[in-house]
*Asks:* 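Input: one structure, supplied below.
Keep in mind the model is a prediction, meaning the values are calculated, not measured.
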Amino acid sequence: MTAFWGEVIGTMLLIVFGAGVCAGVNLKKSLSHQSGWIVIVFGWGLGVAMAVYAVGGISGAHLNPAVTLGLAFVGDFPWEEVPSYILGQMIGAFLGAVLVFLHYLPHWKETEDQGAKLGVFSTGPAIPNTFANLFSETLGTFILVLGLLTIGANKFTDGLNPLVVGFLIVAIGISLGGTTGYAINPARDLGPRIAHFVLPIAGKGSSNWKYAWIPVLGPALGGSFAGVFYNAVFKGHITNTFWIVSVILVVILLGFYIHMKKQAVDQSVNI
């Protein structure tokens, strides 16, 4: 099996577990209906661990464009392979979402809540706020990629690394996931969102495309910055790339923060 297909299959498995637990919790007449956030974060964490076990020896189990970018910025992954990995991750995420749709086929009709159905496939903010939502996704992904890099720098008993990575996902979900549902992975959000858009889901409603760019841009920024940050702080390699990525990150976040404040002022004036 090639690395490309490893990423397809690994990301597909990740979504089967992750979107699957969201479906079980969100959809009516599921035996796990309304079992809560803790069940969801453990489903995602264990799903990541199982996917890493499955394809870690084939592709390295990035399963996430933000991870691929972070490793490329560190210098541990060739830039020329980045596009094929991201394509594989997107395809796998879409296929995983289709499998979850089929698995829960009778439950879509039984669920009236359109938001609950969309929540099976993709994330959304608890409180819509462009700056705060973008910052949440950026920070969560920064912690994810930095955590992966620091885990990789330690020695574990053979076979335990994927489980440790799974617990990292659980920790991020418990601590930081309550604001946006912690996509922290552009493929995890965009691939299933496309599936939601094209699949014949009964009474599905909008795919919320106006929000869809946040769980793509935020993780891309957070993963990239984690890579250059790790090189600069942990390895002592401060390069021009570190400053360029840092400036881009600050400018984007500051720009959205200023825009948010301006909107708040305009709204108060109009009132």
Side-chain angles (χ1 to χ4, degrees), residues 7-52 54-55 61-67 88-111 113-125 137 140-141 144 165-166 169-170 172-173 177-178 180-209 211-212 214-216 219:
E7 287 298 293
V8 171
I9 292 173
T11 312
M12 181 183 72
L13 289 173
L14 165 64
I15 299 301
V16 166
F17 282 107
V21 72
C22 289
V25 172
N26 286 4
L27 300 181
K28 286 189 176 178
K29 297 192 178 178
S30 159
L31 296 179
S32 55
H33 181 51
Q34 294 184 332
S35 51
W37 183 247
I38 301 301
V39 170
I40 288 175
V41 298
F42 269 93
W44 276 105
L46 293 174
V48 168
M50 293 305 104
V52 174
V55 301
H62 295 189
L63 316 178
N64 182 342
V67 172
Q89 293 153 5
M90 286 294 301
I91 293 171
F94 178 86
L95 293 175
V98 172
L99 291 175
V100 170
F101 163 70
L102 293 172
H103 184 80
Y104 283 92
L105 194 58
H107 295 266
W108 305 105
K109 194 178 204 178
E110 300 291 337
T111 306
D113 188 342
Q114 296 177 349
K117 294 175 187 178
L118 178 59
V120 172
F121 295 90
S122 55
T123 61
E137 287 295 329
T141 314
L144 168 65
V165 171
I169 300 297
V170 171
I172 294 171
T180 60
Y182 84 127
I184 59 174
N185 180 340
R188 168 266 176 275
D189 193 272
L190 184 57
R193 195 182 297 269
I194 294 171
H196 177 272
F197 180 73
V198 302
L199 288 171
I201 302 167
K204 63 181 176 181
S206 167
S207 299
N208 196 14
W209 290 108
Y211 178 77
I214 289 178
V216 172

*Asks:* What closest approach, in Å, do Pro215 and Asp189 show between heavy atoms, and which atom pair accounts for it?
*Replies:* CG-OD1, 3.3 Å

*Asks:* Who are the side-chain contact (heavy atoms from CB on, under 4.5 Å) partners of Ala23, not counting sequence neighbours?
*Replies:*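 side-chain contact (heavy atoms from CB on, under 4.5 Å) check on Ala23 returns Leu27, Val100, Tyr104, Val120.
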
*Asks:* By side chain to side chain donor-acceptor pair (under 3.5 Å), which residues pair with Asn26, not counting sequence neighbours?
*Replies:*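 Checked Asn26 against side chain to side chain donor-acceptor pair (under 3.5 Å); zero matches.
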
*Asks:* For the OG1 atom of Thr123 and the CG atom of Leu190, what is their distance to the nearest 0.5 Å?
*Replies:* 10.5 Å

*Asks:* Quick check for you: to the nearest 0.5 Å, what is the distance between Asn185 atom CG and Thr141 atom OG1?
*Replies:*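 That separation rounds to 8.0 Å.
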
*Asks:* Can you find a side-chain donor-acceptor pair between His196 and Ser207 that sits under 3.5 Å?
*Replies:*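 The answer is yes; a qualifying pair exists.
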
*Asks:* Taking all heavy atoms of Gly166 and all of Ala49, pick out the closest pair and write down the distance.
*Replies:*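 It is CA-CB, 4.3 Å.
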
*Asks:* Walk me through whether Cys22 and Ile40 qualify under side-chain contact (heavy atoms from CB on, under 4.5 Å).
*Replies:* CA-CA 6 Å; Cys22 289; Ile40 288 175; 4.1 Å; yes

*Asks:* Any side-chain to backbone donor/acceptor pair from Ser32 onto Gly24? Under 3.5 Å, distance only.
*Replies:* yes

*Asks:* Tell me whether Arg188 contacts the main-chain N or O of Met90 through its side chain, where contact means a donor paired with an acceptor under 3.5 Å.
*Replies:*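 Not confirmed, Arg188 side chain does not pair with Met90 backbone.
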
*Asks:* So, applying salt bridge (charged side-chain N to carboxylate O under 4.0 Å, His left out) with Glu110, which one of Lys28, Lys29, Lys117 is it?
*Replies:*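 Of the listed residues Lys28, Lys29, Lys117, the salt bridge (charged side-chain N to carboxylate O under 4.0 Å, His left out) partner of Glu110 is Lys29.
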
*Asks:* What do the steps show when you test Val98 against Leu199 for side-chain contact (heavy atoms from CB on, under 4.5 Å), and what is the final call?
*Replies:* CA-CA 8 Å; Val98 172; Leu199 288 171; 4.3 Å; yes

*Asks:* Shortest non-hydrogen contact from Ala66 to Pro186?
*Replies:* N-CD, 4.1 Å

*Asks:* Does Ser35 reach the main-chain N or O of Val25 with its side chain, forming a donor-acceptor pair under 3.5 Å?
*Replies:* no

*Asks:* Has the side chain of Gln89 got a donor or acceptor atom that lies under 3.5 Å from a matching backbone atom of His62?
*Replies:* no

*Asks:* I would like to know whether Asn64 and Leu144 meet side-chain contact (heavy atoms from CB on, under 4.5 Å); could you show each step before the answer?
*Replies:* CA-CA 11 Å; Asn64 182 342; Leu144 168 65; 3.6 Å; yes

*Asks:* Before you tell me yes or no, could you show the steps for Val55 and Leu63 under side-chain contact (heavy atoms from CB on, under 4.5 Å), namely the whole-Å CA-CA distance, both residues' side-chain angles and the distance that decides it to 0.1 Å?
*Replies:* CA-CA 9 Å; Val55 301; Leu63 316 178; 4.1 Å; yes

*Asks:* Would you call Leu46 and Phe17 a side-chain contact if the rule is heavy atoms closer than 4.5 Å?
*Replies:*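 No, their side chains stay 4.5 Å or more apart.
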
*Asks:* Got a sec, which residues hit side chain to side chain donor-acceptor pair (under 3.5 Å) with Lys109, two or more places apart in sequence or on another chain?
*Replies:*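 Per chain and number, Lys109 pairs via side chain to side chain donor-acceptor pair (under 3.5 Å) with no residue.
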
*Asks:* Could you grab the distance from atom CD1 of Ile9 to atom CD1 of Ile91, nearest 0.5 Å is fine?
*Replies:*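 These two atoms lie 11.5 Å from each other.
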
*Asks:* Report yes if the side chains of Met50 and Leu13 come closer than 4.5 Å at any heavy-atom pair, otherwise no.
*Replies:* no

*Asks:* Which atom names give the shortest non-hydrogen contact between Gly43 and Val21, and what distance separates them?
*Replies:* CA-CG1, 4.1 Å

*Asks:* Take Trp44 and Tyr182 through the test ring-ring contact (aromatic ring centres under 6.0 Å, His included) and record every step on the way to the result.
*Replies:* CA-CA 11 Å; Trp44 276 105; Tyr182 84 127; 7.3 Å; no

*Asks:* Keeping the roles fixed (side chain from Arg193, backbone from Asn208), state whether a donor-acceptor pair exists under 3.5 Å.
*Replies:*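 The answer is yes, because a donor-acceptor pair under 3.5 Å joins these two groups.
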
*Asks:* Determine whether a donor-acceptor pair (N or O, by modelled atom type, separation under 3.5 Å) exists between the side chain of Lys204 and the backbone of Trp108.
*Replies:*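 Looks like no, no N/O pair under 3.5 Å.
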
*Asks:* Short question: side chain of Glu137, backbone of Ala183 - any donor-acceptor pair under 3.5 Å?
*Replies:* yes

